[in-house]
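Report on the structure given below.
Keep in mind the model is a prediction, meaning the values are calculated, not measured.
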Amino acid sequence: MPITIKKKLENCTDQEDDEVKLEVEMSKPSLELNWRKNNVALQAGNNVEMHVEETKHSLFFKKNSRTEQGYYCCETADDKTQAKLTVEKLPICIVKPLRVKIAIYKHKALLECQVSHANAKVKWYKDNKEIKANNKYNLISKDVYRQLYINEVEFSDEDTYTCDAIDEKTSCQLLVEEQVINVVRELRDVEVMEPSPAHFEAEINGQCLPPHL
C-alpha cells in the first residue's frame, strides 16, 4: 500500500524568536520520510528538531529567525506536500530611553539608550538633523546599547538629541555647564630689584574659558 500524506503542510507566518512547528500526518506509521527546505535536504541540528509520533511527523524550530524563512517540503516515495514559512521581523522597541545629560564644557558627553535587539539599526539626530560619525561624534553599537559620544563639548552643542530605531524613538536634552575652576596653587609674594620685572604664577585645575565667556 502506498504511504500518503493525510494532513498536509500549511503556509504559516511567525515572528522572529518564536517557536515554530511544521507538522504532517501520514496514512500509516513510517520512517521513510524526508524534509527539505528550498529543495535542500534538512538534518536535525542545534535549532532544528525532527519528531515522529506514530503517524505524525513534525519539524520544530526552537528559535525562529529570518534565515529559517523559505519553502518546506515533506515527501515520501509516494506523496509530498509543500508550504511556505514567512518570518516577520520583530519591531524594535526602546527598552531604556535617553535621559537628560549635563556635560562639562570642553569635556566628552555620552548619550545612551537600550534597544530590544542587538542587531537593531538606529540613526541619531540633533534637532532633527542627522548626525554622522566624524571627529566630533562617535556612534557606537554595543550589544543592545546604542551610544553617542560628543567630543570637546561646546555651548553650541546644547540641544535636543534623538535616537531613532524606526519603529520607536527616544529623545533627550543635552545641557552644557561651565567647568568649576579651583586654584590648586595660590600666588606667592615676590621681591624684585627695580627695574626688574615681577612674575606672579598660580595653578588652576581646569581649562579657562575664552575671554568672551
Does atom CD (Gln82) have a neighbourhood of more than 12 heavy atoms from anything else shown, all under 6.0 Å?
yes
Which pair of heavy atoms, one from Leu22 and one from Cys12, lies closest together, and at what distance?
CD2-SG, 3.8 Å
Partners meeting side chain to side chain contact (heavy atoms under 4.5 Å, CB included) with Ser141 (sequence neighbours left out)
Arg146
Tightest non-hydrogen contact, residues Leu174 and Ala103, listed as CD1-CB, 3.9 Å
Could you tell me whether the side chain of Gln43 reaches within less than 4.5 Å of the side chain of Val48, counting heavy atoms only?
no
Can you list everything that forms a salt bridge (charged side-chain N to carboxylate O under 4.0 Å, His left out) with Glu177? Sequence neighbours excluded, please.
none
List for me each residue that meets salt bridge (charged side-chain N to carboxylate O under 4.0 Å, His left out) alongside Lys136, sequence neighbours excluded, and say none if there are none.
Asp157
Residues 183-201, side-chain donor-acceptor partners within the protein, below 3.5 Å, at least two apart:
unit_1: Arg185; atom_1: NH2; unit_2: Glu201; atom_2: OE1; d: 3.0
unit_1: Ser196; atom_1: OG; unit_2: Met193; atom_2: O; d: 3.1

Mind checking side chain to side chain contact (heavy atoms under 4.5 Å, CB included) for Asn39 and listing every partner two or more places apart, or none if nothing turns up?
none
Side-chain donor or acceptor of Thr81 paired with backbone N/O of Cys74 under 3.5 Å:
no
What's the verdict on side-chain contact (heavy atoms from CB on, under 4.5 Å) for Leu148 and Cys163, showing C-alpha distance, side-chain angles and the deciding distance?
CA-CA 9 Å; Leu148 172 65; Cys163 180; over 6 Å; no
Show, in sequence, the C-alpha distance, side-chain angles and deciding distance for Thr170 and Thr162, and conclude whether the side-chain contact (heavy atoms from CB on, under 4.5 Å) test is met.
CA-CA 6 Å; Thr170 176; Thr162 300; over 6 Å; no
Determine whether Leu59 and Tyr71 fall in the same hydrophobic cluster, where Ile, Leu, Val, Met, Phe, Trp and Tyr are linked whenever their side-chain heavy atoms lie under 4.5 Å apart.
no
CD1 (Ile131) and CD1 (Ile150) are apart, to the nearest 0.5 Å, by 6.5 Å
Not counting sequence neighbours, list each pair that qualifies as a ring-ring contact (aromatic ring centres under 6.0 Å, His included) and has a residue in residues 11-63.
Phe61-Tyr72
Worked check of side-chain contact (heavy atoms from CB on, under 4.5 Å) between Arg99 and Cys172
CA-CA 5 Å; Arg99 294 184 178 181; Cys172 76; 5.7 Å; no
CD of Gln173 to CG of Leu98: how many Å apart, nearest 0.5 Å?
11.5 Å
With clusters defined by side-chain heavy atoms of hydrophobic residues (ILVMFWY) lying less than 4.5 Å apart, directly or transitively, does Val52 cluster with Leu33?
no
Just how far is it from atom NZ of Lys106 to atom CZ of Phe155, taken to the nearest 0.5 Å?
10.0 Å
Do Trp124 and Tyr149 sit in the same hydrophobic cluster, where Ile, Leu, Val, Met, Phe, Trp and Tyr count as joined when their side-chain heavy atoms come under 4.5 Å apart?
no
Applying a strict under-4.5 Å side-chain criterion to I, L, V, M, F, W and Y, I'd like to know whether Tyr125 and Leu175 cluster together.
no
So, does Asp164 use its side chain to make a donor-acceptor pair with the main chain of Lys123 at under 3.5 Å?
no
When rounded to the nearest 0.5 angstrom, what is the spacing between CE in Met26 and NZ in Lys56?
13.5 Å
Side chain to side chain contact (heavy atoms under 4.5 Å, CB included) filter on Glu75, not counting sequence neighbours, yields Asn34, Arg36, Cys73, Lys80
Spacing of Asp14 atom CG and Glu19 atom CD [to the nearest 0.5 Å]:
10.5 Å
Which pairs of donor and acceptor atoms, one on a side chain in residues 108-120, lie under 3.5 Å apart (sequence neighbours left out)?
unit_1: Glu112; atom_1: OE2; unit_2: Gln147; atom_2: NE2; d: 2.5
unit_1: Ser116; atom_1: OG; unit_2: Cys93; atom_2: N; d: 2.9

When the side chains of residues 83-91 are checked against the rest of the protein, which donor-acceptor pairs come out under 3.5 Å, sequence neighbours left out?
none

Show your reasoning for whether side-chain contact (heavy atoms from CB on, under 4.5 Å) applies to Tyr137 and Lys126.
CA-CA 11 Å; Tyr137 302 106; Lys126 176 188 176 186; 4.0 Å; yes
Sub-3.5 Å donor-acceptor pair from the side chain of Asn151 to the main-chain atoms of Asn135, do we have one?
yes
Verify the neighbour count for atom NZ of Lys37: are there more than 12 heavy atoms of other residues, nucleotides or ligands below 6.0 Å?
yes
Does anything in residues 39-52 form a salt bridge (charged side-chain N to carboxylate O under 4.0 Å, His left out)? List the pairs, not counting sequence neighbours.
Glu49-Lys62
Mind checking whether Leu9 and Leu42 sit in one hydrophobic cluster, side chains of I, L, V, M, F, W, Y counted as touching below 4.5 Å?
yes
More than 12 heavy atoms of other groups within 6.0 Å of Asn128 CG:
no
With sequence neighbours left out, what residues match Lys132 under salt bridge (charged side-chain N to carboxylate O under 4.0 Å, His left out)?
Glu130
If you measure from CD on Glu158 to CG on Asp127, what distance do you get to the nearest 0.5 Å?
13.0 Å
Partners passing side chain to side chain contact (heavy atoms under 4.5 Å, CB included) against Asp79 (at least two apart in sequence or in another chain)
Thr4, Ile5, Lys8, Thr76
